[in-house]
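All remarks here apply to the structure that follows.
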Protein chains: 2
Amino acid sequence: MTANKSRAGGSAVRMLDVANAAGVSLMTVSRALRQPDKLSEETRRLVLDTIHKIGYVPNHIAANLASNRSNVVGQIVPSIQNSLYSNTVQGTADILRQSGLHLLLADSGYSLQEEEALIGAFLAQRVCGLLLHNTQHTPRAVEMIRRAGVPVIETGDLARNPLDMAVSYSNANAARAMTLHLAGRGYRRIGFVSLSPRTNLRSRERLKGYHSALASLDRPRDPALVAAVESGFGAGAQAMLDMIERAPDVDAIFFAGDVFAIGALFEAQRRGWKVPERIAIAGFDDLDILQHTVPRLTCLKLPRLEIGRRAAELLLQRLEGRHDTPQRVDLGFEIIQREST
Amino acid sequence: MTANKSRAGGSAVRMLDVANAAGVSLMTVSRALRQPDKLSEETRRLVLDTIHKIGYVPNHIAANLASNRSNVVGQIVPSIQNSLYSNTVQGTADILRQSGLHLLLADSGYSLQEEEALIGAFLAQRVCGLLLHNTQHTPRAVEMIRRAGVPVIETGDLARNPLDMAVSYSNANAARAMTLHLAGRGYRRIGFVSLSPRTNLRSRERLKGYHSALASLDRPRDPALVAAVESGFGAGAQAMLDMIERAPDVDAIFFAGDVFAIGALFEAQRRGWKVPERIAIAGFDDLDILQHTVPRLTCLKLPRLEIGRRAAELLLQRLEGRHDTPQRVDLGFEIIQREST
DNA sequence: CTGTTAGCGCGTTCAA
DNA sequence: TTGAACGCGCTAACAG
């Protein structure tokens with residue numbers, strides 16, 4: 001990672017130029033911008049007019065250095081283009097913007113190593129806070145964050161022991177609740193499909209929740225009813241076909257990730273299978289599209305946008321010096337029962 | 001927009017501390033980081049080891065100030081959570097990351113005023129380049145950019161006169177091509193549905209393309225066959241129903257935006273209408289899902305990710321001092337013919 | 001209410 | 001190959 005830096009804009013107008021042009025001292029200009037009420041109406045107007053006239057653009061980077069502050073927050077998500085994460089990013093951006101903070105965004109590509117590198121880079125940019133979707137980090141990453149002393153909020157799962165703070169829902173509880181919901185609707189052989197629990201902590205938690213529900217129901221675990229697949233519509237379809245072949249009596253499948261449920265539903269349509277009569281289908285996230293399919297899909301509704309917002313709000317509170325902020329904020333989830341189950 | 005700044009991390013370790021600990025001068029540490037080959041193997045190792053040992057994190061913000069450079073690029077999109085734009089952002093992030101540049105991301109909420117404010121804020125952060133999805137800007141925004149002298153790339157449409165550079169496809173050409181394609185497949189009464197052309201430049205261009213195709217075909221414009229709607233699946237469905245009522249002989253609808261086509265298809269399924277026999281449906285962007293619906297949807301495929309990548313690459317070239325960069329890069333589009341038309 | 005002084009943590013430029 | 005002086009553009013702390 002070579003620091004391929006580059007010439008910044010040639011905006012040669014400095015605060016001092018404004019001061020000279022207005023016939024005041026540099027500090028007066030600085031105050032006109034940051035503490036307008038500490039200047040006389042007259043001086044303030046003079047300065048602001050001059051700023052406007054000569055087109056001065058403040059240099060926040062110099063301001064940050066001088067004041068040892070920062071107005072940039074770093075956020076790292078597994079993937080920028082995954083709509084689930086971009087919902088969270090949107091929530092974060094909305095809140096930060098209202099407070100004049102900026103968002104430095106990067107994606108780790110689901111890699112811990114990459115996340116570590118990004119954390120180092122963001123810390124070098126002197127971000128005033130970190131928003132991490134991951135709840136798992138390399139030891140070096142943890143050490144860097146600890147030393148930097150910046151507030152951190154983890155949003156991917158409601159970790160038992162957050163690095164600092166966590167704003168999320170419980171993946172395990174959500175998966176457990178949906179499994180119990182399906183059982184409650186009479187399904188006896190409930191399958192579970194997710195991304196690989198080996199590489200994905202969130203999938204692991206969801207699988208735990210599924211197993212926990214089975215235990216509560218006094219039902220045995222059946223490997224034929226569990227599948228780990230790669231991402232994508234096609235993967236959901238294939239997982240359904242495979243599972244039905246392995247366990248022909250499966251009567252419902254809970255797709256705990258991504259767009260699997262939609263892929264499976266379309267495959268069922270293609271084969272003329274009735275949903276939920278032939279096979280019931282439930283999804284994880286309440287993507288807009290799920291309420292427009294035929295039949296509409298039962299799923300969990302997770303507060304993705306709200307997570308981004310609350311995380312940002314919590315960060316703001318900490319930045320304002322409050323130390324009574326909660327360590328864990330559980331934003332919960334909702335089961336949306338529709339025609340597919 | 002009050003600058004709600006906040007204490008940065010307390011990482012008190014400065015370059016000078018590293019120098020003292022290693023028994024060298026500050027400059028030697030600086031060089032070990034930026035020009036390793038200008039130091040003796042021995043000194044370099046000593047310094048790097050010391051850095052690692054005491055956990056020094058470089059302060060890029062101070063570095064930027066001292067060198068009058070920046071390693072941050074600003075990108076403004078209409079909406080962060082819209083998957084079309086997040087694809088572009090992903091492409092940008094991929095490329096920037098390889099060069100050690102960072103991405104400051106914000107969304108304008110489709111507002112020119114907001115875009116102007118963001119441009120000002122980004123310029124104050126001394127970004128080394130700007131990536132704007134919009135191709136329309138307030139005069140003040142244009143003036144600020146001009147004065148700052150930073151390279152700018154517009155990605156939303158292939159503007160005739162870019163501010164600086166444009167990397168995109170032509171909305172007008174794409175819409176024209178699809179309309180002609182539908183006519184070529186025998187459809188005689190082709191409807192057009194988009195976001196409002198009055199408020200959205202891209203929709204305006206697409207409508208132009210549609211009209212241009214009609215003119216080439218010697219067909220009259222028929223207001224009954226044109227609709228402007230709000231965003232969303234439901235809007236697409238409703239637009240289809242309304243249009244069929246207004247013009248019962250419409251045999252194909254080209255949905256030039258968002259997720260309208262999917263909403264319309266689902267509505268058709270719900271009513272048991274055969275697609276494309278009863279009504280043919282074509283979409284604009286090739287969202288993954290379009291190739292999984294039943295029937296699969298004909299659409300335009302636009303190089304969203306590639307636009308982000310190429311824009312970033314072009315920016316990098318300019319930052320490296322090249323001035324032979326093209327002013328307009330047309331990344332084209334593709335018509336994907338599937339079963340829905 | 002306004003100005004002065006002294007840095008923030010680095011890179012640049014020169015000299016050694 | 002290494003180092004010393006100076007300044008980037010701004011803010012903090014104090015003085016008036």
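The sequence lines fix the lettering, A, B, ..., with proteins before strands; numbering per chain opens at 1.
- Separating the CG atom in Leu103(A) from the CG atom in Leu131(A) is a distance of 8.0 Å, to the nearest 0.5 Å.
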I'd like a table of atom pairs between the protein and nucleotides 2-6 of chain C - only N or O on both sides, under 3.5 Å - with the distance next to each one.
residue, atom, partner, partner atom, Å
dT2(C), OP1, Ser40(A), OG, 3.3
dT2(C), OP1, Thr43(A), OG1, 2.4
dT2(C), OP2, Ser40(A), N, 3.1
dT2(C), OP2, Thr43(A), OG1, 3.3
dG3(C), OP2, Ser25(A), N, 3.2
dG3(C), OP2, Ser25(A), OG, 3.2
dG3(C), OP2, Thr28(A), OG1, 2.4
dG3(C), N7, Arg31(A), NH1, 3.2
dG3(C), O6, Arg31(A), NH2, 2.4

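- The phosphate of dC10(C) (OP1 or OP2) has a side-chain N or O of Tyr56(B) nearer than 4.0 angstrom.
- Listed by chain and number, the residues in a salt bridge (Lys or Arg N to Asp or Glu O under 4.0 Å) with Arg45(B) amount to none (sequence neighbours excluded).
- Between Arg14(A) and dC10(D) there is no side-chain polar atom (N or O) within less than 4.0 angstrom of OP1 or OP2.
- Annotation: salt bridge (Lys or Arg N to Asp or Glu O under 4.0 Å) contacts of Arg202(A) (sequence neighbours excluded): none.
- Here the rule is side-chain contact (heavy atoms from CB on, under 4.5 Å) with Gln125(A), and of Asn71(B), Val57(B), Ile61(B) only Asn71(B) fits it.
- Remark: Glu41(B) engages Arg44(B) in a salt bridge (Lys or Arg N to Asp or Glu O under 4.0 Å) (not counting sequence neighbours).
- Arg69(A) has a side-chain polar atom (N or O) that falls below the 4.0 Å cut-off from OP1 or OP2 of dA12(D).
- Asn64(A) places its CG atom 15 Å from the C1' atom of dA12(D), with the value rounded to the nearest Å.
- Rounded to a whole Å, the CZ atom of Arg126(B) is 7 Å from the P atom of dC10(D).
- The interatomic distance linking Asn68(A) (CG) with dG9(D) (C1') rounds to 16 Å, in whole Å.
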Between Arg318(B) and His323(B), does a side-chain contact (heavy atoms from CB on, under 4.5 Å) hold up when you go through it step by step? CA-CA 6 Å; Arg318(B) 275 289 278 281; His323(B) 283 281; 4.2 Å; yes

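- Residues passing the salt bridge (Lys or Arg N to Asp or Glu O under 4.0 Å) test with Glu143(A), sequence neighbours excluded: Arg146(A), Arg147(A).
- The side-chain heavy atoms of Thr155(B) and Thr92(B), taken from C-beta on, include no pair separated by under 4.5 Å.
- Taking atom CG of residue Asn71(A) and atom C1' of nucleotide dC10(D), one finds them 13 Å apart after rounding to whole Å.
- Annotation: Gln35(B), atom CD; neighbour count of heavy atoms from other residues, nucleotides and ligands within 6.0 Å is above 12.
- In this structure, the CG atom of Asp37(B) is 9 Å from the P atom of dT1(D), given to the nearest Å.
- With rounding to whole Å, Leu65(B) atom CG is found 9 Å from dC8(D) atom P.
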Can you give the dot-bracket line for DNA chain C, where a pair is Watson-Crick or G-U wobble with both atom distances under 3.5 Å, crossing pairs use [ ], and | marks a partner on another strand? ||||||||||||||||

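- Leu46(A) has its CG atom 14 Å from the C1' atom of dC1(C), to the nearest Å.
- The distance from atom CD of Glu41(A) to atom C1' of dC1(C) is 14 Å, rounded to the nearest whole Å.
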